Amino acid sequence: MITYQTRTSPVKRFAFASTALVFVVSCLVAAIAQTPRRVIIDTDPGVDDAMAILLALNSPELKVEALTVVPGNVDGRQGLENALKIVSLAGRCDVAVASGAKHPLNQKLITAQFWHGPNGLAGVELPASKCSADSRFGPDLIVETVHKYPHEVTLIPVGPLTNIALAVSKDPSIAGLIKDIVIMGGSISGGNVDGAAEANIYNDPEAAAIVFNAGWTVTMIGSDVGERTILTRKHLAELQAQHGPESDFIAKLADFYITRSEKSGYSGAAMYDPLAVATVIDPSLVSLKQMHVDVETKGEFTRGETVANRMGSNENNVLHGDHYEIEGVIELKPNALVCLASDANRFLQLFTDRIKGK
């Protein structure tokens, strides 16, 4: 009996191996794309903070590892209570919630009940939280989590930058270990506190200066873009039409927020903090530009201003006798990706869809 051994040609073997390799790579890419991004939200839970937190908790693209509470819209005690009630409402006691700094680094705290209501949540009283606070100090929790998941954690500070400054000052190595830092803060076209400064930076300029100079690249979602990303009564009606514990809560917040904003001449509510969270969910929602950003800490009229260098250089002035002459320019290393615009309609659709689902 004669047996025949079939041989596969080298070309066919190569084609098969190539196809298998492409399949494996495709599977790996798909798995990576589906892996939620670990985030820590540093927050001073007011109205838009609550919106941002619930957007994050209802987005499969994100894995919220922790909320760290910073004083800002409300004091730290009220902020911790608000944060615990929000995660409890969402049924997410698995998320660590930790108290942080009690006051800014170098000035007295300025709270914002005028904009956010007496309890920071538009006066809406949520049920007592079923969740317990984490015993760790917020900045320590940030440092521990970043070391636990090196190059995986994105920080999303949506309040004053006190906790972030304390964390990176205690352990500067985290600047090279985070995946990204996306802040809601600053502006390159005037402030919302006064003519120069945005509220989160104004509430702790020294902390902001530390953060912008920590050695990482800060993605800056400023108030100027937030004020062009407006939640209107049309969006409010969509939220009110879909009932559920979270959507009803957000609808009440939105009604208060829109009404307060209309009294100040806005056509709706600026979605400051939710836009920062949405930028992590889908970076294509915003356009960004590399810039070098400094924080003014001494100016009489400009304290808290984020001074963005859009040219990437400063003129080099050299003394010649009794005067200076410009001798070229000094190149500046970018330290920020500054948000210039948002796709407001697509963002608002994302926000309302995620909240209506709850």
Side-chain angles (χ1 to χ4, degrees), residues 33-70 72-73 79-80 82-98 100 120-121 126 129 131 134 138 141-142 145-146 149 152-159 163-164 178-185 200 219 221 226 229 231 239 244-247 249-251 253-254 257 269-286 339 342 346-358:
Q34 292 171 3
T35 302
R37 178 180 288 197
R38 300 182 192 276
V39 301
I40 297 173
I41 301 175
D42 189 68
T43 174
D44 55 338
V47 168
D48 57 327
D49 298 74
M51 293 176 172
I53 292 166
L54 288 177
L55 172 60
L57 293 176
N58 288 305
S59 293
E61 299 89 348
L62 306 183
K63 185 179 190 305
V64 182
E65 294 288 344
L67 303 182
T68 51
V69 176
V70 66
N73 292 322
L80 181 63
N82 291 352
L84 287 169
K85 286 182 175 181
I86 292 165
V87 295
S88 180
L89 179 71
R92 293 296 305 276
C93 289
D94 59 298
V95 175
V97 180
L121 299 177
L126 289 173
S129 179
C131 310
D134 193 289
L141 177 56
I142 291 170
T145 306
V146 170
Y149 303 110
E152 294 185 34
V153 176
T154 295
L155 304 179
I156 313 178
V158 293
N163 284 340
I164 309 302
I178 67 155
K179 184 178 181 67
D180 203 356
I181 175 169
V182 180
I183 77 165
M184 189 281 119
N200 285 340
T219 299
I221 310 300
T229 309
L231 188 76
L239 292 169
E246 294 177 45
S247 57
F249 171 59
I250 292 297
L253 296 188
Y257 195 23
M271 295 295 277
Y272 300 121
D273 296 352
L275 183 59
V277 167
T279 298
V280 181
I281 296 170
D282 181 0
S284 72
L285 288 169
V286 297
C339 184
S342 71
R346 194 154 61 88
F347 158 73
L348 289 162
Q349 191 64 59
L350 170 72
F351 175 77
T352 52
D353 285 348
R354 296 287 167 91
I355 298 301
K356 283 192 301 183
K358 296 292 180 176

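This chain uses plain numbering: 1 for the first residue, then up along the sequence. Here the structure is a predicted model, which is why all the values come from computation and not from measurement.
- At a threshold of 4.5 Å between non-hydrogen side-chain atoms, the residues Leu275 and Val286 count as touching.
- Every side-chain contact (heavy atoms from CB on, under 4.5 Å) that Ala90 has, sequence neighbours left out, goes to Leu54, Leu57, Arg92, Glu246.
- Minimum heavy-atom separation, Ile41 to Ala56: CD1-CB, 3.6 Å.
- With sequence neighbours excluded, the residues forming a salt bridge (charged side-chain N to carboxylate O under 4.0 Å, His left out) with Asp134 are Arg136, listed by chain and number.
- In this structure, the side chains of Met184 and Cys339 stay at 4.5 Å or more apart for every pair of heavy atoms.
- The two residues Ala276 and Ile221 make their nearest non-hydrogen contact at CA-CG1, 4.1 Å.
- Here the CZ atom belonging to Phe347 is positioned 11.5 Å from the CG atom belonging to Asp282, to the nearest 0.5 angstrom.
- A pairwise comparison of heavy atoms in Ala50 and Phe249 identifies CB-CE2, 4.1 Å as the closest pair.
- The shortest side-chain heavy-atom distance between Leu285 and Arg346 falls under the 4.5 Å cut-off.
- Remark: Thr219 pairs with no residue by the side-chain hydrogen bond (donor to acceptor under 3.5 Å, both in side chains) rule, at least two apart or across chains.
- For Ala83, the side-chain contact (heavy atoms from CB on, under 4.5 Å) partners at least two apart in sequence or on another chain are Pro45, Leu67, Val69, Val97.
- For the pair Tyr257 (side chain) and Ala270 (backbone), a donor-acceptor distance under 3.5 Å is present.
- In this structure, CG on Leu126 lies 5.5 Å from CG on Leu89, to the nearest 0.5 angstrom.
- Considering only heavy atoms from C-beta on, Leu121 stays 4.5 Å or farther from Lys85 through its side chain.
- Proximity of Ile281 to Leu55: side-chain heavy atoms (C-beta onward) are separated by under 4.5 Å at one or more points.
- Using a 4.5 Å heavy-atom threshold, the side chains of Met271 and Ser342 count as separate.
- Taking the side-chain hydrogen bond (donor to acceptor under 3.5 Å, both in side chains) definition, one finds that Asn163 meets it with Asp42, sequence neighbours left out.
- Residues that satisfy the salt bridge (charged side-chain N to carboxylate O under 4.0 Å, His left out) test with Arg37, not counting sequence neighbours, are absent from this structure.
- Checked by atom type and distance alone, the side chain of Asn82 never pairs as donor or acceptor with a backbone atom of Gly46 at under 3.5 Å.
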**Message:** One pair to check against side chain to side chain contact (heavy atoms under 4.5 Å, CB included): Asp44 and Asn200. What are the steps and the verdict?
**Reply:** CA-CA 10 Å; Asp44 55 338; Asn200 285 340; 4.2 Å; yes

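- Every side-chain hydrogen bond (donor to acceptor under 3.5 Å, both in side chains) that Glu65 has, sequence neighbours left out, goes to Arg38, Lys63.
- When the side-chain contact (heavy atoms from CB on, under 4.5 Å) test is applied to Ser88, the partners found at least two apart in sequence or on another chain are Ser129, Lys130, Cys131.
- Asp49 meets the side-chain hydrogen bond (donor to acceptor under 3.5 Å, both in side chains) test with Thr43, Asn73; sequence neighbours excluded.
- What you find for Leu141 and Ala98 is that their closest heavy atoms are CD2-CB, 3.7 Å.
- Side-chain contact between Ile250 and Phe351 is present, with heavy atoms from C-beta onward closer than 4.5 Å.
- Expressed to the nearest 0.5 Å, how far CG of Leu155 lies from CD1 of Ile183 amounts to 11.5 Å.
- Residue Pro157 comes nearest to Ile164 through the heavy atom pair CG-CG1, 3.7 Å, listed as atom of the first residue, atom of the second, then distance.
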